[in-house]
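Structure first, commentary second.
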Amino acid sequence: MPITGRQLPWLAGAASLLIAPFLFVGGPDWASGPLLKSAWNLGHILLFALLTLAVRPWRWLSGWRLWLVVTAALLAVGIGIELIQGDHNRDMDGRDLLRNLIGGWLIIAWRSAILSRPQTSVRQLLVAATATLLLCFELGTTGMVAARQWQVHHQLPLLYDFSHQNPEPFWTGSPAVSADHAVNHPHSLKIDLGTDTYSGVSLNNLPADWRGFERLTITLFNPSTETLALTLRINDVVHDRSNHAYNDRFNTRLTLGPGFNTFTQNLTAIENAPDGRTMDMSQIRRMGLFAVRLPEPRTVYLSDLRLD
C-alpha cells in the first residue's frame with residue numbers, strides 16, 4: 001500500500017522518536033574505531049531530515065523566512081544536544097551542527113524544487129544541488145575513512161605505513177614526518193618530547209589483529225649522545241573500556257643509546273601482560289611511546305614499526 005502525503009509526516013515523526021535516543025545512549029565510544037564513529041555521525045543528517053518532514057515548517061512559513069527560521073531552530077536544538085551530550089561524557093562535535101542543518105536543508109530545498117515542477121526555477125535547483133553536494137561531502141568523508149581503514153587493516157606486517165604524508169589520522173601527540181633516519185621506508189616520524197610528566201605519542205589507528213605473528217619490532221633513532229629512557233605501552237579494547245589500570249596493559253622500558261636502536265618484543269609477553277586475564281590479540285587498540293619527567297626537551301625518530 002503506497003504511503004500518502006498525509007501519512008509521511010507521521011511516519012517521519014515515529015522514526016525520529018526511535019532514532020533520537022541514540023543521540024545520548026549507545027553508539028561508538030572512546031574505544032571505537034574511526035569508521036564506526038564516522039558512519040554513526042551520518043545519523044544526524046537522517047534524524048533532522050525526518051524531524052523536518054514531521055514538523056513541516058512550510059505550513060506557516062515560506063521563502064527566506066522559512067530558511068531563516070528552520071536554520072536558527074536547527075542550530076538552537078543542535079547546540080542544546082551538544083551541551084547535553086557533554087554532560088553525559090560524550091564528545092561534543094561542532095560539525096554535528098552542520099550535519100543537522102544538512103538534513104533540514106535537504107528536505108526544504110528538494111520539496112520546493114519538486115513541488116514547483118515543471119516551473120522549477122534555476123535558483124531552486126541550485127539550492128537543492130548545494131544541499132545535495134553538502135550531503136555528498138559528508139558521505140564522501142565517511143567513504144574516505146572506510147578506504148583508509150581498509151588500508152590500515154591490510155598493511156600488516158607494518159603497524160604504520162611510513163609513506164603517509166599526514167600522521168594525524170593515526171597518531172596523537174603530533175609526530176612530524178621527516179626524511180631523516182628512515183629505515184626501508186620513505187620517511188621516519190620525528191617525535192619531540194617535552195618536560196611534562198608524560199610526553200610522547202600514541203598510535204590509535206593501527207591494525208587490530210596481531211594473531212599469527214610472533215614478535216613486535218620497533219626501530220628508533222636517538223640523535224643525542226646521551227641515553228634516553230622511553231616507555232612502550234600497548235593495550236586492547238577491553239582495557240580501553242575499563243578503568244585503565246596500569247597492570248591491565250603491557251608496559252616495558254626502552255633505553256635508547258645514541259644512534260639507531262632496534263627492540264624486539266615477543267607477542268606472548270604482551271598477550272600475558274594483563275593481570276588476571278590475557279590480552280585480546282585480535283583487538284589491539286593503542287600503542288603509546290612516551291618519556292616521563294624529562295629534565296629537558298629531547299627528540300627521537302621512529303624509523304620502523306612492524307610485526308614478524
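The first residue of the sequence shown is numbered 1, and numbering continues consecutively from there.
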Close side-chain approach of Trp60 and Val55, heavy atoms under 4.5 Å:
yes

Have Asn251 and Arg233 got a donor and an acceptor in their side chains that come within less than 3.5 Å?
no

For the pair His164 and Phe170, name the ring-plane relationship: parallel under 30°, tilted 30 to 60°, perpendicular over 60°.
parallel

Between Arg277, Arg249, Arg241, which is the residue that forms a salt bridge (charged side-chain N to carboxylate O under 4.0 Å, His left out) with Asp236?
Arg277

Would you compute the distance between atom OG of Ser282 and atom CG of Asp209 and round it to the nearest 0.5 angstrom?
5.5 Å

Pairwise distance CZ(Phe250) to CG(Asn272) - rounded to 0.5 angstrom
11.0 Å

Counting C-beta onward and ignoring hydrogens, is there a side-chain heavy-atom pair between Leu97 and Glu82 closer than 4.5 Å?
yes

Within the 4.5 Å heavy-atom criterion, are Leu220 and Leu289 side-chain neighbours or not?
yes

Are side-chain N/O atoms of Ser224 and Asn222 paired as donor and acceptor at under 3.5 Å?
no

Taking all non-hydrogen atoms of both residues into account, name the closest pair between Ser188 and Tyr301 and its distance.
OG-CD2, 3.7 Å

With distance as the sole criterion, is a donor-acceptor pair present between the side chains of Trp40 and Ser32 under 3.5 Å?
no

Are there more than 12 heavy atoms of other residues, nucleotides or ligands under 6.0 Å from atom CG of Asn184?
no

Quick check on Arg59: does its CZ atom have over 12 non-hydrogen neighbours (other residues, nucleotides or ligands) under 6.0 Å away?
yes

Less than 4.5 Å apart, side chain to side chain, heavy atoms only: is that true for Phe260 and Thr219?
yes

Between Gln149 and Asn205, is there a side-chain donor-acceptor contact under 3.5 Å, judged purely by atom types and distance?
yes

State plainly whether one hydrophobic cluster holds both Val127 and Leu115, where clusters connect Ile, Leu, Val, Met, Phe, Trp and Tyr through side-chain heavy atoms under 4.5 angstrom apart.
no

Note: Ser199 and Gly194 closest approach over all heavy atoms is OG-N, 2.7 Å

How close do Gly259 and Asn261 get, heavy atom to heavy atom, and via which atoms?
O-ND2, 2.8 Å

Audit row: Thr130, Trp105, side-chain hydrogen bond (donor to acceptor under 3.5 Å, both in side chains) steps and yes/no:
CA-CA 9 Å; Thr130 300; Trp105 288 345; over 6 Å; no

Between Leu256 and Thr227, is there a side-chain heavy-atom distance shorter than 4.5 Å?
no

Quick one: do Leu159 and Leu232 end up in the same hydrophobic cluster if we chain Ile, Leu, Val, Met, Phe, Trp and Tyr together by side-chain heavy atoms under 4.5 Å apart?
yes

Ignoring hydrogens, what is the shortest heavy-atom contact between Thr52 and Ile108? Give both atom names and the distance.
CG2-CG1, 4.2 Å

Taking the side chain as C-beta and beyond, is there a heavy-atom pair between Leu267 and Phe213 under 4.5 Å?
yes

If you compare all heavy atoms of His244 against all heavy atoms of Asp240, which two are closest, and at what distance to 0.1 Å?
NE2-O, 3.0 Å

Could you tell me whether the side chain of Ser202 and the main chain of Asn204 form a donor-acceptor pair under 3.5 Å?
no

Could you check whether any side-chain heavy atom of Pro175 comes within less than 4.5 Å of a side-chain heavy atom of Lys190, counting everything from C-beta outward?
no

Could you label the plane-to-plane angle of the Phe162 and Tyr160 rings as parallel, tilted or perpendicular, counting under 30° as parallel and over 60° as perpendicular?
perpendicular

Can you name the closest pair of heavy atoms from Gln124 and Ser112 and give their distance?
NE2-OG, 2.8 Å

